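Predicted, not measured: the structure shown is a model, and the values here were computed from it.
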Amino acid sequence: GYAVGITLLVCLTSRSPLRLIDAYEQEHSNDFCKIAGDAISEPAAAWPACVAQQVKELAVSRDVCLCSMSKRNRLSLAKVIETLRQLLQNHLAQAERLTMEQVEHVPATPYVPSAPS
(Lines give C-alpha, C1' and ligand atoms only; values in the text may rest on other atoms or scores of the structure.)
Protein backbone atom coordinates (compact mmCIF):
# COMPACT_ATOMS: atom_id res chain seq x y z
CA GLY A 1 0.00 0.00 0.00
CA TYR A 2 2.84 2.43 0.76
CA ALA A 3 4.12 2.35 -2.84
CA VAL A 4 0.60 3.00 -4.15
CA GLY A 5 0.37 6.05 -1.89
CA ILE A 6 3.64 7.44 -3.19
CA THR A 7 2.51 6.70 -6.76
CA LEU A 8 -0.71 8.66 -6.16
CA LEU A 9 1.36 11.59 -4.89
CA VAL A 10 3.59 11.43 -7.97
CA CYS A 11 0.47 11.47 -10.19
CA LEU A 12 -0.97 14.39 -8.23
CA THR A 13 2.20 16.48 -8.16
CA SER A 14 4.14 15.40 -11.28
CA ARG A 15 7.27 15.30 -9.11
CA SER A 16 9.88 12.68 -8.36
CA PRO A 17 8.95 10.35 -5.51
CA LEU A 18 12.32 10.95 -3.85
CA ARG A 19 11.87 13.15 -0.79
CA LEU A 20 8.57 14.41 -2.23
CA ILE A 21 6.88 14.93 1.14
CA ASP A 22 9.97 16.58 2.64
CA ALA A 23 10.26 18.93 -0.34
CA TYR A 24 6.67 20.15 0.03
CA GLU A 25 7.02 20.57 3.79
CA GLN A 26 10.10 22.70 3.22
CA GLU A 27 8.47 24.75 0.43
CA HIS A 28 5.32 25.42 2.45
CA SER A 29 6.96 25.59 5.91
CA ASN A 30 4.24 23.32 7.17
CA ASP A 31 3.47 19.71 7.98
CA PHE A 32 2.45 17.83 4.82
CA CYS A 33 -0.90 16.91 6.36
CA LYS A 34 -1.74 20.60 6.74
CA ILE A 35 -0.95 21.55 3.12
CA ALA A 36 -4.03 21.75 0.89
CA GLY A 37 -4.28 19.25 -1.95
CA ASP A 38 -4.66 21.97 -4.57
CA ALA A 39 -1.44 23.61 -3.29
CA ILE A 40 0.55 20.51 -4.24
CA SER A 41 -1.31 19.41 -7.36
CA GLU A 42 0.21 19.96 -10.78
CA PRO A 43 -1.50 23.08 -12.20
CA ALA A 44 -1.34 21.84 -15.79
CA ALA A 45 -3.29 18.73 -14.79
CA ALA A 46 -6.20 20.90 -13.59
CA TRP A 47 -7.09 18.68 -10.65
CA PRO A 48 -10.37 19.79 -9.06
CA ALA A 49 -9.46 21.04 -5.57
CA CYS A 50 -11.72 18.57 -3.77
CA VAL A 51 -10.32 15.63 -5.75
CA ALA A 52 -6.72 16.74 -5.16
CA GLN A 53 -7.43 16.97 -1.43
CA GLN A 54 -9.01 13.53 -1.28
CA VAL A 55 -6.23 11.89 -3.28
CA LYS A 56 -3.63 13.57 -1.03
CA GLU A 57 -5.46 12.31 2.07
CA LEU A 58 -5.61 8.77 0.69
CA ALA A 59 -1.83 8.88 0.43
CA VAL A 60 -0.93 10.89 3.56
CA SER A 61 -3.07 11.97 6.48
CA ARG A 62 -2.93 11.96 10.26
CA ASP A 63 -5.33 9.03 10.38
CA VAL A 64 -5.44 5.87 8.30
CA CYS A 65 -3.67 6.34 4.95
CA LEU A 66 -1.51 4.51 2.43
CA CYS A 67 1.81 6.03 3.51
CA SER A 68 1.44 5.39 7.20
CA MET A 69 4.63 4.00 8.68
CA SER A 70 2.49 1.65 10.78
CA LYS A 71 0.92 -1.18 8.80
CA ARG A 72 -1.95 -1.13 11.29
CA ASN A 73 -2.84 2.42 10.14
CA ARG A 74 -2.57 1.73 6.40
CA LEU A 75 -5.62 1.80 4.19
CA SER A 76 -6.48 -1.39 2.37
CA LEU A 77 -6.05 -1.29 -1.37
CA ALA A 78 -9.69 -2.33 -1.76
CA LYS A 79 -10.78 0.80 0.15
CA VAL A 80 -8.48 2.99 -1.96
CA ILE A 81 -9.78 1.54 -5.22
CA GLU A 82 -13.37 2.05 -4.08
CA THR A 83 -12.66 5.66 -3.06
CA LEU A 84 -10.92 6.42 -6.38
CA ARG A 85 -13.81 4.82 -8.26
CA GLN A 86 -16.30 7.03 -6.36
CA LEU A 87 -14.21 10.15 -7.03
CA LEU A 88 -14.19 9.34 -10.74
CA GLN A 89 -17.94 8.65 -10.85
CA ASN A 90 -18.70 11.88 -8.97
CA HIS A 91 -16.43 13.90 -11.24
CA LEU A 92 -17.94 12.39 -14.39
CA ALA A 93 -21.48 12.99 -13.12
CA GLN A 94 -20.63 16.60 -12.29
CA ALA A 95 -19.00 17.13 -15.69
CA GLU A 96 -22.07 15.67 -17.39
CA ARG A 97 -24.39 17.98 -15.42
CA LEU A 98 -22.28 20.99 -16.34
CA THR A 99 -22.32 19.98 -19.98
CA MET A 100 -26.09 19.58 -19.94
CA GLU A 101 -26.51 22.99 -18.25
CA GLN A 102 -24.25 24.57 -20.85
CA VAL A 103 -26.26 22.98 -23.66
CA GLU A 104 -29.53 24.16 -22.11
CA HIS A 105 -28.26 27.76 -21.94
CA VAL A 106 -27.05 27.92 -25.52
CA PRO A 107 -29.47 30.11 -27.45
CA ALA A 108 -31.29 28.20 -30.13
CA THR A 109 -30.29 29.78 -33.42
CA PRO A 110 -31.93 28.35 -36.46
CA TYR A 111 -29.75 26.87 -39.15
CA VAL A 112 -29.51 29.18 -42.12
CA PRO A 113 -27.85 27.61 -45.15
CA SER A 114 -25.37 29.74 -47.01
CA ALA A 115 -26.47 31.25 -50.31
CA PRO A 116 -25.62 29.17 -53.35
CA SER A 117 -22.55 30.42 -55.17
Fill in: Residue pair L9, V55: steps toward the side chain to side chain contact (heavy atoms under 4.5 Å, CB included) verdict
CA-CA 8 Å; L9 289 177; V55 168; over 6 Å; no
Discussion item. Quick check on the hydrophobic clustering: are V10 and L77 connected, directly or via other members, by side-chain heavy-atom contacts under 4.5 Å?
Written reply: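 Yes.
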Worksheet entry | ILVMFWY cluster, V4 and L88 together (side-chain gap under 4.5 Å) |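 Different clusters: V4 never reaches L88 through Ile, Leu, Val, Met, Phe, Trp or Tyr contacts under 4.5 Å.
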About how many Å separate [atom2] of [Y] and [atom1] of [X], when rounded to the nearest 0.5 Å?
X   : Y   : atom1 : atom2 : value
I40 : E25 : CD1   : CD    : 11.0 Å
S14 : W47 : OG    : CH2   : 9.0 Å
Y24 : I35 : OH    : CD1   : 9.0 Å
R19 : Q26 : CZ    : CD    : 7.5 Å
C50 : L87 : SG    : CG    : 7.5 Å
L75 : E57 : CG    : CD    : 11.0 Å

Least distance between heavy atoms, [X] atom then [Y] atom:
X   : Y   : result
G5  : A59 : O-CB, 3.4 Å
R15 : A23 : NH1-CB, 4.1 Å
C33 : R62 : SG-N, 3.8 Å
G37 : Q53 : N-OE1, 2.6 Å

Worksheet item: side chain to side chain contact (heavy atoms under 4.5 Å, CB included) between L58 and L84: does it pass, once the steps are laid out?
Response: CA-CA 9 Å; L58 283 174; L84 291 172; 3.8 Å; yes
Under 3.5 Å, side-chain donor or acceptor atoms of residues 63-71 against the rest of the protein: list the pairs with distances, not counting sequence neighbours.
{"from": "S68", "atom 1": "OG", "to": "S70", "atom 2": "N", "distance (Å)": "3.2"}
{"from": "S68", "atom 1": "OG", "to": "S70", "atom 2": "O", "distance (Å)": "3.2"}
{"from": "S70", "atom 1": "OG", "to": "R72", "atom 2": "N", "distance (Å)": "3.3"}

Practice prompt. Count the heavy atoms of every other residue, nucleotide or ligand shown that sit under 6.0 Å from NE2 of H28, and state whether that count exceeds 12.
Written response: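 Yes.
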